[in-house]
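Since this is a predicted model, take the numbers as computed values, not measurements. Heavy atoms only: backbone and side chains are in, while hydrogens, waters and symmetry mates are out. Residue numbers start from 1 in every chain, and the chains themselves are labelled A, B, ... in the order their sequence lines are given, proteins ahead of strands.
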Amino acid sequence: MSKNTPKAIRGTQDIFGPDAESFAFVVETFERVRKLYRFRRAEMPVFEKTEVFSRAIGETTDVVSKEMYSFEDRSETSLTLRPEFTAGIARAYLTNGWQQHAPLKLATHGPLFRYERPQKGRYRQFHQIDAEILGAGEPQADVELLAMADQLLKELGIEGVTLHLNTLGDAESRDAWRAGLIEYFSAVEGELSEDSQERLHKNPLRILDSKDPRDQAFVADAPKIDAYLSDEALAFFESVTRGLDAAGVKWKRAESLVRGLDYYRHTAFEFIPDEGSAAADALGSQSTVLGGGRYDGLMESLGGPSTPAVGWAAGIERLAMLVGERSPEPLEAMVLLEDDAGLTKATQLLSDLRKAGFVSDMIASGSKKKRYDKAVKQDPRAILRVNESGYYGYAGDAIDPALSEFLKDKV
RNA sequence: GCGAUCGUAGCUCAGUUGGUUAGAGCGCCGGUUUGUGGUACCGGAGGUCGGGGGUUCGAGACCCCUCGAUCGCCCCA
C-alpha cells in the first residue's frame, strides 16, 4: 500500500467476503421476520439536530457526554450522527404526525456512530436492526416485540443466547429504588471499586452489573426493585411474563439488569449468550446481542404528548459473528472460452443463461491453458466449453436438469 | 480516557546471540507437462521490513517517540 493512500477511519470497517455474506443474511432474515409480524419499514436520516439525542437519551449518559459525533453545519447548527435509532424515530413520530397510525409497529436498520475505542464486536460505525412499537402502553406490546426478537434469533440459527428480563417499574418505583440503592451503597462506599464509587454519584443502578469482585460482594444483598414496585408496575410485569410464557418465549429474571439510558421504564431486557457457550466465546467481552425496553417518558422529553412505546435494537455485526459462514449461491454454469475467436458467442451464451435465471459467470482471459483451472476453482456445477465456432459441450456431473434442457438446442 | 499485545510481499507467516544482494507458502502473470481436466515443474512481477529519531563498524532484529491494528477496562448493540 502506498503511503499516499488515505487510511480508513478508526473503528470503521470494510466488510467483504464471508463476513459480508453473514451481514446480508442477518438483514435479509430480519426483513422477512418483521414482515411476518407486520412491522412497517421506515427510513430515518442518519443525522439529526444534536438536541434530539441529548434531550432524549440524557445529558449525563456516556453516549451523550462523550461518544457522539457532533459537528456544526454551514449554518452553525449543531448536528450529530445518530448514536442510536430510538431518539430519531421518536422525533419522526412527533414531527410527521404518526400518532394517526398508533399503535405503530416500525422496523428499520442502518449505520449508527459512537466515538468509542474499537474492540471485538464494537465499532465507531456499526449497524443495527431495530424494532419499535409506538403509542402502545399495554404489556402485550412488550410480548409481541420480544416474541419477534426471539423468533428472529431462532431463524438466524443462533443458539446459546437467553432472554434476560427485568422491570425498572414506573417512574416512582424506579426513583424509590434508586434512592434505596444510593443509601445502601453509600454505607460501604469506601469498599467499592473506584469505578463504582464514581457510579454511586452518576448512575447508581450501574453498580449492579459491575464486573469487579469487590462490588459483587455487596450487589448480592443490594435492595431489589421488587420491594419498590407499585401494584400497577408489578401487575404490568406479571402480564408481560405471562404473555411470554404463552408465546413460548423462554426468559430468565435478571434482577440486576439495568439499561444505560435514562428513558427506560418498566420492561428492560437483553439477549445474552450463556456462559461458556460458543456464542459467548465468539463475542469476546461484548455480552449483549439484542437489547431494549419500554420508554414511556421519551416522547415528552422531546416536547411531545405522553406516548408509551417499547423497542429493541440488535448489533448486526454481533449477530453476524454468531450465524456462522453462509454458503454462497451455487454457481450453476461457468462459461469457458477456449478460443478468443468465440468471444461474441460466449458473451451471448452468458447473457442467455442469466436471462433464463441461471447463476453463471465466464472465464475468458489470461493464459488459455490455465482457464480451465480457474473455472474449476470456482466450483461450478457445469463448465460450458466455447471455442471459435461457439458452444459445443459441457463438463460436470451434478448439472441442473433445467440447465441441461436449456443447453439442448445450443450446440 | 486507561491497560496489554502486535506491525516483514496482495494474504498467512519465517527471519536463529544484531553480520553479505530480506525468504517461504498461497494468490497473481507467463511457460512446459497433462489433455474431460482443480496435476506437476520452471520462470516473472510485487517489500523504502508502519513512520521518525537514536545506539553500533553494521539494525528487520536493541532503545525512545509516533502512527496503526488487535484484545481487555469503562460503556454499550
Side-chain angles (χ1 to χ4, degrees), chain A residues 1-13 16-17 26 30 57-58 60-68 82-86 109-131 149 153 161 193-199 202-203 205-207 209-212 215 257-261 264 269-273 283-293 311-322 334 336 338 363 365-380 382-385 392-397:
Chain A
M1 181 182 65
S2 163
K3 63 179 179 187
N4 240 340
T5 307
K7 283 166 297 199
I9 305 299
R10 166 178 289 215
T12 65
Q13 19 166 19
F16 176 71
V26 170
F30 174 67
I57 299 171
T60 62
T61 60
D62 279 18
V63 170
V64 171
S65 64
K66 52 189 200 198
E67 295 174 0
M68 293 204 301
R82 62 185 179 195
E84 60 142 40
F85 277 114
T86 307
H109 65 82
L112 292 307
F113 305 85
R114 248 119 98 160
Y115 193 91
E116 293 187 277
R117 201 59 183 273
Q119 61 190 65
K120 193 182 188 97
R122 185 167 161 188
Y123 309 94
R124 287 188 174 179
Q125 176 178 335
F126 59 107
H127 303 79
Q128 286 184 346
I129 50 179
D130 181 282
L153 294 178
V161 171
S193 67
E194 297 74 25
D195 283 332
S196 284
Q197 295 189 23
E198 176 94 3
R199 291 184 184 111
K202 262 182 68 184
N203 196 350
L205 307 206
R206 280 264 148 233
I207 299 175
D209 53 14
S210 168
K211 289 172 189 162
D212 196 304
D215 301 328
L257 188 151
V258 295
R259 308 239 67 232
L261 312 181
Y264 286 107
F269 53 85
E270 295 181 359
F271 283 79
I272 300 175
L283 281 173
S285 70
Q286 290 355 290
S287 53
T288 304
V289 116
L290 182 154
W312 57 249
I316 297 176
E317 288 89 346
R318 290 186 187 176
L319 291 171
M321 287 190 279
L322 302 183
M334 176 64 91
L336 178 65
E338 294 178 338
I363 297 283
S365 65
S367 161
K368 282 168 205 157
K369 299 196 171 173
K370 296 225 162 128
R371 288 183 192 175
Y372 206 95
D373 287 353
K374 284 194 206 168
V376 169
K377 272 187 187 164
Q378 300 207 28
D379 195 28
I383 293 177
L384 313 188
R385 317 179 66 146
Y392 69 93
Y394 68 83
D397 28 76

Student: Got a list of protein N/O to nucleotides 26-32 of chain B N/O distances below 3.5 Å?
Tutor:
{"from": "rG27(B)", "atom 1": "OP1", "to": "Lys377(A)", "atom 2": "NZ", "distance (Å)": "3.3"}
{"from": "rC29(B)", "atom 1": "OP1", "to": "Lys374(A)", "atom 2": "NZ", "distance (Å)": "3.2"}
{"from": "rG30(B)", "atom 1": "OP1", "to": "Ser367(A)", "atom 2": "N", "distance (Å)": "3.1"}
{"from": "rG30(B)", "atom 1": "OP2", "to": "Ser367(A)", "atom 2": "N", "distance (Å)": "3.2"}
{"from": "rG30(B)", "atom 1": "O6", "to": "Lys370(A)", "atom 2": "NZ", "distance (Å)": "3.3"}
{"from": "rG31(B)", "atom 1": "OP2", "to": "Ser367(A)", "atom 2": "OG", "distance (Å)": "3.1"}
{"from": "rG31(B)", "atom 1": "O6", "to": "Lys370(A)", "atom 2": "NZ", "distance (Å)": "3.1"}

Student: About how many Å separate CG of Leu290(A) and CG of Leu319(A), when rounded to the nearest 0.5 Å?
Tutor: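 Going from the CG atom of Leu319(A) to the CG atom of Leu290(A) covers 7.0 Å.
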Student: Does the side chain of Asp212(A) come within less than 4.5 Å of Asp195(A)'s, by heavy atoms?
Tutor: no
Student: Measure the spacing between OH of Tyr392(A) and CD of Glu338(A) and express it to the nearest 0.5 Å.
Tutor: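 The OH atom of Tyr392(A) sits 3.5 Å away from the CD atom of Glu338(A).
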Student: Check nucleotides 67-71 of chain B for protein N or O atoms closer than 3.5 Å to its own N or O atoms and list the pairs.
Tutor:
{"from": "rA69(B)", "atom 1": "OP2", "to": "Arg10(A)", "atom 2": "NE", "distance (Å)": "2.9"}
{"from": "rA69(B)", "atom 1": "OP2", "to": "Arg10(A)", "atom 2": "NH2", "distance (Å)": "3.0"}
{"from": "rC71(B)", "atom 1": "OP2", "to": "Lys120(A)", "atom 2": "N", "distance (Å)": "3.1"}

Student: Can you tell me the distance, in whole Å, between the CZ atom of Phe16(A) and the C1' atom of rC11(B)?
Tutor: 12 Å
Student: Heavy atoms, side chains only, cut-off 4.5 Å: are Leu283(A) and Arg318(A) in contact?
Tutor: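 Side chain of Leu283(A) against side chain of Arg318(A), heavy atoms only: contact under 4.5 Å found.
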Student: Sequence neighbours left out, what passes side-chain contact (heavy atoms from CB on, under 4.5 Å) with Gln378(A)? Give chain and number order.
Tutor: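 side-chain contact (heavy atoms from CB on, under 4.5 Å) list for Gln378(A), sorted by chain: Leu331(A), Met334(A), Ile363(A).
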Student: Starting at CD of Gln125(A) and ending at P of rA77(B), how long is that distance when rounded to a whole Å?
Tutor: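 Roughly 17 Å, once rounded to whole Å.
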Student: Looking at rC75(B), I'd like to know if its phosphate oxygens (OP1 or OP2) sit under 4.0 Å from a side-chain N or O belonging to Lys66(A).
Tutor: no
Student: Decide, yes or no, whether a salt bridge links Arg114(A) with Asp62(A) under the criterion of side-chain N to carboxylate O below 4.0 Å.
Tutor: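 Salt bridge: no.
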Student: Under 4.0 Å between any heavy atoms, over every strand shown, what does Glu67(A) touch: base, sugar-phosphate, or nothing? Just pick one.
Tutor: sugar-phosphate
Student: Which whole-number value in Å describes the distance from Glu338(A) CD to rG37(B) P?
Tutor: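 The distance from CD of Glu338(A) to P of rG37(B) comes to 14 Å, rounded to the nearest Å.
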Student: Once hydrogens and angles are ignored, does a donor-acceptor distance under 3.5 Å link the base of rG37(B) to the side chain of Arg371(A)?
Tutor: no
Student: Are the side chains of Ser193(A) and Glu198(A) in touch, meaning some heavy atoms are under 4.5 Å apart?
Tutor: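 No, their side chains stay 4.5 Å or more apart.
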Student: Please enumerate all residues that pass side chain to side chain donor-acceptor pair (under 3.5 Å) together with Thr288(A), with sequence neighbours excluded.
Tutor: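 Listed in chain order: Glu270(A).
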Student: For Arg199(A), report the nucleic acid contact type (base, sugar-phosphate, nothing); a contact means any heavy atom under 4.0 Å.
Tutor: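 It contacts sugar-phosphate atoms only.
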Student: Taking Watson-Crick (N1-N3 plus N6-O4 or O6-N4) and G-U wobble (N1-O2, O6-N3), each under 3.5 Å, can you produce the dot-bracket string of RNA chain B? Use [ ] for crossing pairs and | for inter-strand ones.
Tutor: (((((((..((((.....[...)))).(((((.......))))).....(((((..]....))))))))))))....
Student: With sequence neighbours left out, write down each residue that passes side chain to side chain donor-acceptor pair (under 3.5 Å) with His109(A), or none if nothing qualifies.
Tutor: Arg41(A)
Student: Would Tyr372(A) pass as stacked on rG38(B), i.e. its ring centre under 5.5 Å from the base's six-membered ring centre and planes under 30° apart?
Tutor: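 No; centroid distance or tilt outside limits.
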Student: Assuming nearest nucleotide by heavy-atom distance, tell me which of Glu317(A) and Tyr392(A) is located more 5' along RNA chain B.
Tutor: Tyr392(A)
Student: Rounding to an integer number of angstrom, what distance separates rU16(B) and rC65(B) when you compare their P atoms?
Tutor: 24 Å
